[in-house]
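Every chain is numbered from 1 and lettered A, B, ... according to where its sequence line falls, protein lines coming before strand lines. Hydrogens, waters and symmetry mates play no part in the numbers below; they use all other heavy atoms, side chains included.
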Amino acid sequence: MRSTQKDFRAEFYEHYRKEADEYDKEFMKRYDEDLNTTLIFVRLQGDAADTC
Amino acid sequence: MTSAFIIQVHSQLQPDPNEETAALLRVLIHKIDNTTFGGDVPALPQWTGPPRTAIQVQCILYASLATSLLSAFLAMLGKQWLNRYASIDIRGSTIERSQNRQRKLDGIVAWYFDHVLESLPMMLQGALLLLGCALSRYLWDIDTTIASVVLGVTSLGALFYIFIVVAGATSDSCPYQTPGANIIRHVIHHVSGLRRSAYALFVEHSELHSMSVDFWGDIAKGTANAIVITTILYPLALLITFTIDVFHLGRATFWILVAFTRRVRSWLFGKTPVTNQVFDNQATKLDFHCISWMLRTSLDKTINLLTFNFLKTILTLPDLNSSTSSLVVVDCFNIFSNCFVTSNGVATTVTRSSEQLAGISAMCFLCAFSRLSSAEPTSTVISDVRQRYKRVFPSRVNSEGPPRPIISAIHNLLCTGWSERRRVEWSCYNPSNDELVPFSRALAQAAQFECHRDEPGVPDWLVGFPLRFLSQDPLPPTSVVIDCLMIVATNLGCNVADNDVTSDERCAYTSAIIVSRLTLCQRAA
């Protein structure tokens, strides 16, 4: 019983890893782009201040 | 742009030195030659402080500047947090790393990480709006025509923004989604949920109910309910939820302090208070978190099947902390109900591959649900699942995937009324041992809950199970026999505390109870 559980566990986590990598990549991309937009916007305000 | 503008307005906050010089010169010239300014005697101007408008404009401007700087600061921190999430900060096997990742993801949900990050653009938008307001206010004093242009554009932008927030909140498919729309939708959802729970609270206290119906007399019952809910119970429910929130926060803080003290103690005295047992439980709990996430995220049927197989092996473990199974109950139910499609009042499994999925998800759901209901009979998850079952499944289920008794057992556990229960034909049920073991475990736990639900004693459909399998020759596996005996014991009125008994003791314990109980019955007869 215990050994089949270990097999299932190992197999499950292999698939989990794959799924998690895919999900995390999307997650990171989304928030990273959001934060970049924010930083660019703040930077633009600073640039505009210099030209004024 | 904000800072340049601030400098411009800043000059108004202090006395203008040029003006003072000019005034002094005028006084000097007047002293030399009295006729220069006609009869006028030039006086030194008195500085009476900055004009009110300048102060107002300056306040708004600084607020705008501070907001945009703050959001830049938070964006910088946010990038660091994201990197920390993505980094692999634990060495170990795939399993340990996956569990660590799941812990971090759960933290992200629990601490509203995404809400915090989404509020950053909102802060910038606020800064922009403040800048527009300040600019219009400043220009208004200088020239109304120029100011009206700025004012027009600012208010147009603000109106447009309000419009897209409302549009985004009303429709999910609207492309102009903003964080503000999410907040509004969340609040509306929360308030309506609160209303519903307030109503449930209200119906529960039937005394109050009958009283108010008497009180309102001729007014229709529905109207009376609505009025009482909105006037009395709604603020009450708000207060209650607020108190509960505060309570949870306090409890969490307390446990953090306790954990911290333990850590310090173990660090000081070199002892590790964490025993192996606790570690095992922790690992199983994380397994549950991972499984729950996987069931929610993955759409692949083969992966789901694999996940359920793993879940089934965990759910049949004897030494499992029951409250953790509440995590997967809803996920199992979601997948189970998605396997069926309803037409003409009959629910049928969709395709051939989903039959298999329906079977195993039904079994896992049954195990998790009965575990939860025997451990925490008052859990809100149970009532939620019952309500959803009522909505999703019509009276008849055409089961080709899962065996009929499993479907009937789920129906009987989830239906609300005594009369809705079905008879289960146990006589033509010949499952494999692989299926029978978790099924009997689930039924034994369900019996403990069911015997207190409507009327004392285990319902008839459940009693049929031990009758069928105890009379089988040869007998089923030992664990099934034990579970059958437990159902019988529960039916006889014994309080079988399953959670305290480990698998080795269960056999002796159960038989002892049954023997003692039977002797008692004999004596009474």
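The OG1 atom of T313(B) sits 10.0 Å away from the CG atom of D7(A) when rounded to the nearest 0.5 Å. For the atom pair NE2 of H15(A) and OG1 of T307(B), the computed distance is 8.5 Å after rounding to the nearest 0.5 Å. Taking CD1 from I291(B) and CZ from R9(A), the interatomic distance works out to 9.0 Å, rounded to the nearest 0.5 Å. Rounded to the nearest 0.5 angstrom, F12(A) CZ and F308(B) CZ are separated by 11.0 Å.
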Working for side-chain contact (heavy atoms from CB on, under 4.5 Å), residues L39(A) and K79(B): CA-CA 10 Å; L39(A) 286 176; K79(B) 286 207 131 196; 4.3 Å; yes
Check against side-chain contact (heavy atoms from CB on, under 4.5 Å), L120(B) and D34(A): CA-CA 9 Å; L120(B) 292 184; D34(A) 266 11; over 6 Å; no
Criterion side-chain contact (heavy atoms from CB on, under 4.5 Å) on M76(B) and L35(A), from CA distance to verdict: CA-CA 8 Å; M76(B) 194 185 69; L35(A) 288 180; over 6 Å; no
Stepwise side-chain contact (heavy atoms from CB on, under 4.5 Å) test for E11(A) and F310(B): CA-CA 9 Å; E11(A) 204 178 343; F310(B) 176 47; over 6 Å; no
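Among the candidates S98(B), A75(B), S298(B), the residue making the largest number of heavy-atom pairs closer than 4.5 Å to chain A is S98(B). For the set S71(B), P121(B), C290(B), the entry with the most heavy-atom pairs within less than 4.5 Å of chain A is C290(B). Per-residue heavy-atom pair counts under 4.5 Å with chain B were compared for Y16(A), F27(A), Y23(A), and the maximum is reached by Y16(A). Put simply, of M294(B), R97(B), R101(B), the one with the most heavy-atom pairs under 4.5 Å next to chain A is R101(B).
For a residue to count as touching a neighbouring chain, one of its non-hydrogen atoms must lie under 4.5 Å from one of that chain's; by this rule L74(B) does not touch chain A. At a 4.5 Å heavy-atom cutoff, the contact between I95(B) and chain A is made by backbone and side-chain atoms alike. Heavy atoms of L117(B) lying under 4.5 Å from chain A belong exclusively to its side chain. When heavy atoms are compared at a cutoff of 4.5 Å, L311(B) does not approach chain A at all.
Under the salt bridge (Lys or Arg N to Asp or Glu O under 4.0 Å) criterion, E118(B) pairs with R30(A), sequence neighbours left out.
Of all the heavy atoms in Y31(A) and D114(B), the pair that sits closest is OH-CB, 2.7 Å. Across D32(A) and L82(B), no two heavy atoms sit closer than the pair N-CD1, 3.8 Å. The two atoms that bring T94(B) and Y13(A) nearest to each other are CG2-O, 4.1 Å, heavy atoms only.
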